[in-house]
Amino acid sequence: VMNVKWVKDYICSLDRVTSIMVSHDSGLLDDCCTHVLQIDNLKLKTYVGNLSQFVAKVPEARSYFDISKSTQTFTFPQPGPLEGVKSK
C-alpha cells in the first residue's frame with residue numbers, strides 16, 4: 001500500500017506531462033487521471049475528467065473494469081480426460 005501511495009503521489013505531482021496509464025486499480029485511475037481516452041469503433045475519443053466522470057458520461061464503460069456489468073457471456077467446452085487421472 002505504501003508503494004501505491006508513492007506512485008499515486010508521484011504521478012499526481014507531475015506538471016505539464018502526459019502519461020498513458022493502464023491499470024486494474026480504478027481508485028488509482030480515479031485519483032490520477034484528468035482525461036480518459038476510449039477507442040470506440042476504431043475511433044479515439046477523449047473525455048475530460050477522471051474515471052468516475054467518464055463512467056457517468058459513458059455508463060457501458062463500467063463493464064471495462066466490473067465483469068458483473070458486462071453483457072458478454074463466456075462458455076467453455078467440457079474438458080476432456082487427463083492422461084493418468086482415473087477419477088471423474
All pairs passing salt bridge (charged side-chain N to carboxylate O under 4.0 Å, His left out) where residues 23-32 contributes a residue, at least two apart: K8-D31
Minimal non-hydrogen separation, S23 against L29, with atom names: O-CD1, 3.6 Å
Spacing of OG belonging to S52 relative to CZ belonging to R62, to within rounding of 0.5 Å: 7.5 Å
ILVMFWY cluster, I11 and L37 together (side-chain gap under 4.5 Å): no
CD1/I39: more than 12 non-hydrogen atoms of other groups inside 6.0 Å: no
Hphob cluster co-occupancy, L14 + M21, side-chain heavy atoms under 4.5 angstrom: yes
hydrophobic_cluster_shared for V4 and Y10, side chain cutoff 4.5 Å: no
Contact summary for S26 and L51, nearest pair of heavy atoms: CB-CD2, 3.6 Å
Residue pairs passing the salt bridge (charged side-chain N to carboxylate O under 4.0 Å, His left out) test where at least one lies in residues 39-51, sequence neighbours excluded: D40-K45
Q53 versus Y47, side-chain donor and acceptor atoms under 3.5 Å: no
V17-V7 co-clustered via ILVMFWY side chain contacts under 4.5 Å: yes
Spatial distance of atom CG (N50) from atom NE2 (H35) [nearest 0.5 Å]: 11.5 Å
Distance-only donor-acceptor hits, side chain of residues 75-83, under 3.5 Å, sequence neighbours excluded:
none

